[in-house]
> 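Could you have a look at this structure, given as structure tokens, before my questions?
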Amino acid sequence: MIKEKLSLLVREALEKAQQRARLPLEEIPEVMLEHPREKAHGDWATNVALILAGKVKMPPRAIAQIIVELLDDKQRYIEKIEIAGPGFINFYLSNKWLYDVMALIKEQGEKFGHSNIGAGQRIQLEFVSANPVGPMHIGHGRWAAVGDTLANALSANGYDVEKEFYINDYGNQMNIFAKSVAVRYAQLLGQDIPFPEDGYQGEYIKDIAREIIAEENDKYLGVPEKERESIFKERAYKQVLDHLKNTLYKMGVQFDTWFSERTLHESSAVNKTIELLRERGYVYESEGAVWFKATAFGEDKDRVLIRANGEPTYFAADIAYHKNKLDRGFDKLINIWGADHHGYVGRMKAAIQALGYPADKLEIIIGQLVNLLRGGEPVRMSKRTGEMVTLDELLEEVGPDAIRFLFLMRSTDSPLDFDIELAKQESSENPVYYVQYAHARISSIIRYAEAEGVSFSDNINYELLNSKPELDLIRKLAEWPEVLERVARQRAPHPLTSYAQELASAFHYFYTKCRVIGEDKDLSAARMALCKATKTVLRSVLAIIGVSAPEKM
RNA sequence: GCGCCCGUAGCUCAGUAGGAUAGAGCAUCGGACUUCUAAUCCGAGGGUCAGGGGUUCGAAUCCCUUCGGGCGCGCCA
């Protein structure tokens with residue numbers, strides 16, 4: 001891209017300055033290019049002269065002057081260079097490179113902006129991983145949107161990504177779940193028995209019980225309690241899991257792998273992993289329990305792997321799970337966890353190291369939680385009391401496009417206030433519609449041209465695109481590769497929605513200023529090409545965000 | 001008490017590796033449709049970047065500290 005080209009040009013100029021002893025340089029620093037905040041300061045700027053000033057003991061503007069003198073722009077992409085302020089070098093690009101971008105978009109289509117910085121690196125991305133004991137809530141929706149979009153962005157940058165859902169289908173919560181269904185079943189069939197204190201109160205538990213009654217009536221009333229619970233556990237589990245998959249499908253999220261925690265216990269992978277850690281010297285017994293020596297890796301406490309009652313902890317299974325992932329040969333594991341799990345990060349990284357891997361083999365993205373509001377009032381949610389708004393209900397009320405877009409607009413470092421009333425009420429002024437509208441408008445122009453029987457030659461004279469709205473729009477298109485790469489590198493999807501809005505805005509502005517289909521055939525052809533290029537990039541952005549690109553609105 | 005995240009316009013938030021005059025949307029006010037979609041565009045007002053100190057040519061950004069908010073700190077998952 002142009003950024004790298006400019007950086008290289010400056011570097012070459014510095015090398016020349018070094019050879020000709022114009023600057024007393026020991027080594028050439030990395031040349032950083034950035035977009036100046038002020039458009040009047042050019043398309044790109046570098047502060048390299050300011051950085052060097054201290055080292056070579058010369059005024060920054062004098063250094064900048066030397067760099068500019070020695071800079072050799074063979075491709076003539078630079079229109080003008082200015083030395084400004086304390087010593088910035090500002091580059092004003094020629095229109096030629098913008099027209100080259102247009103040609104590139106036409107040539108590459110929706111692959112424009114994709115890169116190969118991942119170079120086939122295998123990444124395993126684990127996210128959502130909701131417990132299969134109830135419907136997903138809104139917080140899960142945020143991780144679904146963030147994880148899926150991150151996976152898309154990484155793939156577009158040449159990473160080989162696998163999306164995985166870890167099913168916590170083992171342990172006490174499953175038993176409580178089963179018992180809850182069993183009691184509801186009996187109650188619905190007229191038995192007067194109390195509901196367990198720690199049971200799940202949600203209406204969905206009754207729904208599951210009703211379904212069992214509808215299919216098999218009171219067949220299980222005579223079955224011993226233990227056995228009944230065990231049967232119900234499997235039925236209910238399967239049903240909830242199917243439901244989870246369906247909800248995620250509606251969100252547009254599909255996982256490559258669904259990994260069951262149970263299999264780790266059944267295959268004794270958990271025990272084997274503990275033994276492996278023991279061999280490596282990180283396991284000891286105390287107070288009747290088996291402990292992991294997390295303090296060996298700077299943690300403040302050691303952690304229990306097997307309780308005094310002989311049951312392995314969730315943590316033990318999670319270590320086995322991460323070992324399983326590492327054994328599958330991924331270059332990097334990325335987990336997306338809610339902020340309520342952040343205290344868990346240190347010990348998991350300690351475990352990775354105890355298994356013999358560097359800590360950075362595992363990356364953990366901590367996302368802040370979602371606060372659900374309705375008309376400004378907080379909605380308290382609890383799986384135990386069953387008072388909650390499910391992701392399904394939200395999908396029904398607001399729709400997947402708006403949900404994904406709204407969830408991706410904010411940095412995952414910020415807690416997100418999600419007001420249902422607002423999301424519905426604003427739905428016609430929602431940013432997502434603003435972006436989609438730009439796409440629909442372009443489609444409409446294309447339809448109009450077809451209906452009018454207007455045909456364009458393939459030989460497009462891009463130089464006719466020389467007004468401000470046109471050039472601004474092309475400039476915005478040219479930013480796409482930078483945005484996409486940054487999202488992948490920083491593992492942060494939210495710049496995508498900003499970019500989508502900016503691109504839509506640049507198009508809407510162009511649309512009001514420039515008539516596409518008109519008298520001048522050549523100009524019409526060039527503007528149509530610009531519309532199509534914009535459509536291509538918009539589709540690409542929306543595809544990565546996971547939002548539809550409608551032809552009509 | 002300790003740890004992580006946050007505090008930027010009336011509201012919700014961006015702000016890329018420390019750069020030049022701190023941005024966007026919503027809200028408010030004022031304009032623009034006889035022409036390819038007005039779910040649009042143009043303009044205006046609005047700020048002690050929570051407070052204080054430090055680092056330097058230069059700080060919303062880095063360091064220290066105070067205040068305020070969220071979340072953790074289980075032989076729960």
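The sequence lines fix the lettering, A, B, ..., with proteins before strands; numbering per chain opens at 1.
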> Roughly, in whole Å, what's the span from CG in A/D413 to P in B/A14?
9 Å
> Using the 3.5 Å cut-off, write out each protein N or O paired with an N or O of nucleotides 19-22 of chain B and the distance between them.
unit_1: B/G19; atom_1: N7; unit_2: A/N47; atom_2: ND2; d: 2.9
unit_1: B/A20; atom_1: OP1; unit_2: A/R37; atom_2: NH2; d: 2.5
unit_1: B/A20; atom_1: OP2; unit_2: A/R37; atom_2: NE; d: 3.1
unit_1: B/A20; atom_1: OP2; unit_2: A/R37; atom_2: NH2; d: 2.5
unit_1: B/A20; atom_1: N6; unit_2: A/N90; atom_2: OD1; d: 2.7
unit_1: B/A20; atom_1: N1; unit_2: A/N90; atom_2: OD1; d: 3.3
unit_1: B/A20; atom_1: N1; unit_2: A/N90; atom_2: ND2; d: 3.2

> Looking at residues at least two apart in the chain, or sitting in another chain, which of them share a side chain to side chain contact (heavy atoms under 4.5 Å, CB included) with A/E363?
A/K332, A/I334, A/R491
> Quick one: do the A/E470 and A/S467 side chains pair a donor with an acceptor below 3.5 Å?
yes
> Who are the ring pair (Phe, Tyr, Trp, His ring centres under 6.0 Å) partners of A/F418, not counting sequence neighbours?
A/F407
> Hey, which sits more toward the 5' end of RNA chain B by its nearest nucleotide, A/K3 or A/A440?
A/K3
> What interatomic distance, in whole Å, is found between C1' of B/C4 and the corresponding atom of B/U48?
29 Å
> Once the angle between the rings of A/Y284 and A/W291 is folded into 0 to 90°, is it parallel (under 30°), tilted (30 to 60°) or perpendicular (over 60°)?
parallel
> Between B/G18 and B/A60, how many Å separate the two P atoms, rounded to a whole number?
13 Å
> What's the CD1-C1' distance between A/I442 and B/C36, to the nearest Å?
12 Å
> For A/E470 and B/C41, what is the distance between atoms CD and P respectively, to the nearest whole Å?
18 Å
> Is a donor on one side and an acceptor on the other found under 3.5 Å between the side chain of A/Y204 and the backbone of A/V133?
yes
> Using a strict heavy-atom distance below 4.0 Å, which residues from residues 508-518 of chain A are in contact with RNA chain B?
A/H508, A/Y509, A/Y511, A/T512, A/C514, A/R515, A/V516, A/I517
> Sticking with atom P, work out how far B/A17 lies from B/G58, rounded to a whole angstrom.
22 Å
> Can you check whether A/K476's main-chain N or O pairs, donor with acceptor, with A/E479's side chain at less than 3.5 Å?
no
> Check whether the ring centres of A/F315 and A/Y344 lie less than 6.0 Å apart, and answer yes or no.
yes
> Report the glycosidic orientation of B/C41: syn if within 90° of 0, anti in every other case.
anti
> Only counting residues at least two apart or in another chain, list the ones meeting side chain to side chain contact (heavy atoms under 4.5 Å, CB included) with A/K535.
A/H439, A/I442, A/S443, A/I446, A/R539, A/E551
> Rounded to whole Å, please give me the gap between CD1 in A/I366 and P in B/G3.
17 Å
> With A/R262, which residues qualify under salt bridge (Lys or Arg N to Asp or Glu O under 4.0 Å), at least two apart?
A/E234
> Do A/N157 and A/E485 have a side chain donor and acceptor closer than 3.5 Å?
no
> So what's B/C75 paired with, Watson-Crick or G-U wobble, going by both distances under 3.5 Å?
none
> Taking only distance into account, with no hydrogens and no angle test, what donor-acceptor pairs under 3.5 Å do side-chain atoms of residues 517-525 of chain A form with protein atoms, sequence neighbours excluded?
unit_1: A/D520; atom_1: OD1; unit_2: A/D522; atom_2: N; d: 3.1
unit_1: A/D520; atom_1: OD1; unit_2: A/L523; atom_2: N; d: 3.1
unit_1: A/S524; atom_1: OG; unit_2: A/V516; atom_2: O; d: 3.1
unit_1: A/S524; atom_1: OG; unit_2: A/G518; atom_2: N; d: 2.9
unit_1: A/S524; atom_1: OG; unit_2: A/G518; atom_2: O; d: 3.4
unit_1: A/S524; atom_1: OG; unit_2: A/D520; atom_2: O; d: 3.0

> Rounded to the Å, how far apart are A/Q368 CD and B/G7 P?
11 Å
> Can you pull out the residues from residues 474-492 of chain A that lie within a 4.0 Å heavy-atom distance of RNA chain B?
A/R486, A/Q490
> B/A38 C1' sits how many Å from A/Q436 CD, rounded?
18 Å
> For the ring pair A/W258 and A/F165, is the centre-to-centre distance below 6.0 Å?
yes
> Provide the distance between the two C1' atoms, one in B/G1 and one in B/U61, to the nearest whole Å.
30 Å
> Tabulate protein N/O versus nucleotide N/O from nucleotides 9-13 of chain B, keeping only pairs under 3.5 Å, one per line.
unit_1: B/U12; atom_1: O2'; unit_2: A/R410; atom_2: NH1; d: 2.9
unit_1: B/U12; atom_1: O2'; unit_2: A/R410; atom_2: NH2; d: 2.9

> Partners of A/F297 by side chain to side chain contact (heavy atoms under 4.5 Å, CB included), sequence neighbours excluded?
A/Y282, A/F292, A/A350, A/Q353, A/A354
> May I ask you to check whether A/Q436 and A/D401 show a side-chain donor-acceptor distance below 3.5 Å?
yes
> Please name the nucleotide paired to B/U34 by Watson-Crick or G-U wobble geometry with both distances under 3.5 Å, or report none.
none
> In whole angstrom, give me the gap between the P atoms of B/U65 and B/C26.
41 Å
> Summarise protein proximity over nucleotides 72-77 of chain B in one line of letters, 5' to 3': B for base, S for sugar-phosphate only, - for none, counting protein heavy atoms closer than 4.0 Å.
SSSBSB
> Would you indicate, yes or no, if B/A39 has its OP1 or OP2 atom less than 4.0 angstrom from a side-chain nitrogen or oxygen of A/Y437?
yes
> Can you name the residues that form a side chain to side chain contact (heavy atoms under 4.5 Å, CB included) with A/L471, not counting sequence neighbours?
A/N95, A/L98, A/Y99, A/R475
> C1' atom, B/U16 versus B/A24: distance in rounded Å?
16 Å
> Regarding A/H265 and A/N271, do their side chains bring together a donor and an acceptor under 3.5 Å, going by distance alone?
no
> Using purine N1 to pyrimidine N3 plus N6-O4 or O6-N4 for Watson-Crick, or N1-O2 and O6-N3 for G-U wobble, both under 3.5 Å, which nucleotide pairs with B/A44?
B/U28
> Using a distance-only test with no angle check, is there a side-chain donor-acceptor pair under 3.5 angstrom linking A/Y509 and A/D472?
no
> Expressed as a whole number of angstroms, how long is the span from A/W337:CH2 to B/G3:P?
20 Å
> Expressed as a whole number of angstroms, how long is the span from A/H494:NE2 to B/G25:C1'?
15 Å
> Over 60° means perpendicular and under 30° means parallel, so classify the ring planes of A/Y166 and A/Y321, tilted if in between.
parallel
> Using the P atom as the reference point in each nucleotide, state the distance between B/U28 and B/G70 in Å, no decimals.
31 Å
> B/C64 and B/C5: how far apart are their P atoms, nearest whole angstrom?
12 Å
> With a non-hydrogen cut-off below 4.0 angstrom, is A/E551 in contact with a base, only sugar-phosphate, or nothing?
base
> Taking a pair as Watson-Crick or G-U wobble with both distances under 3.5 Å, which nucleotide is matched to B/C4?
B/G70
